[in-house]
There are 2 protein chains.
Amino acid sequence: MSRSNPRVLSTLERAGGFASAQEVYRLMQREGESIGLTTVYRSLQSLVNDKIVDVLRRDDGEAIYRLCGESHHHHLVCKSCGETVEIEGGAIEKWAQLIAEEHGFRDVGHTAEIFGICKKC
Amino acid sequence: MSRSNPRVLSTLERAGGFASAQEVYRLMQREGESIGLTTVYRSLQSLVNDKIVDVLRRDDGEAIYRLCGESHHHHLVCKSCGETVEIEGGAIEKWAQLIAEEHGFRDVGHTAEIFGICKKC
DNA sequence: ACGGTAATGAAAATCATTTTCATTTGTGAT
DNA sequence: ATCACAAATGAAAATGATTTTCATTACCGT
């Protein structure tokens, strides 16, 4: 099949370890890298197969890719202006793990986002 | 705007309270109901606004609509078979509120989902 | 250099979802 | 009942992410 293009992984890292395929592609374009969208998709998929990245879904259904092992964080997003604050989720991590174990689930992950209206809006 | 077509809700109920828009549409077709896909989408969206149904995402990104009780809750979803457990989020509620206030946000809401592999899978 | 396999990417195909817009239906006032 | 207007409807087109196709190119071992 196809192996991952290393520039894709490096771009995903540079993006903070968290981005959609389209975002990785646009980022590479902006930085002058010559690559096709198809290759970006294929590389990300191959990274998922190799368990080097995780794939999640945004609320709008777009797939987002996240480096495994990155200490992950959550977001606090303003519904009005879109300003985003990255937050640590200490309490959540334990909660998710605990609940999942109670129900006999393994291989546990989670998503959590907080949204509201920021000071300026 | 537009209100929900009652046949859509009744079909979603008949489907076990868990189906995608396309599935609801195909089900209604098969049962001889005359309705457009657009209306199915609009009705489901309106049900989501009215908090009569929840919307989640399948692994492939397709939105699935699900009847839910009135109390605010979160989900523990099996990535493999889709089994879903409704859970209470006591800890989360406080955490979200606290973090948001720290950053000066008001009108706060949140989403949280836990996913993993269930016992059977 | 040669032959074969893997990687690449442009363009077309897919598929769920949304938008547009013209038509129909329902409702309330008169 | 009739007129007028708002809401609902759905067919068709638009959108946007993702996948597939396929012809070309880069790479590797001989």
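Per chain, numbering begins at 1; letters A, B, ... match sequence-line order.
- The OG atom of B/Ser46 sits 9.5 Å away from atom CG of B/Leu9, with the distance rounded to the nearest 0.5 Å.
- Of the charged side-chain nitrogens involved, none lies within less than 4.0 Å of a carboxylate oxygen, so that B/Glu31 and B/Arg7 do not count as a salt-bridged pair.
- Rounded to whole Å, the distance from CG on A/Leu44 to C1' on D/dT19 is 14 Å.
- There is no side-chain donor-acceptor pair under 3.5 Å between A/His74 and B/His110.
- Pairs of residues two or more places apart, or lying in two chains, that qualify as salt bridge (Lys or Arg N to Asp or Glu O under 4.0 Å) and include a residue from residues 110-121 of chain B are B/Glu83-B/Lys120.
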Problem - Sugar-phosphate or base contact per nucleotide [nucleotides 9-27 of chain C; S, B, -; heavy atom under 4.0 Å] - result: BBB----SBBB--------
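- D/dG16 atom P lies 15 Å from atom CD of A/Glu23, rounded to whole Å.
- Looking at B/Tyr25 and B/Gln29, their side chains do bring a donor and an acceptor atom within 3.5 Å of each other.
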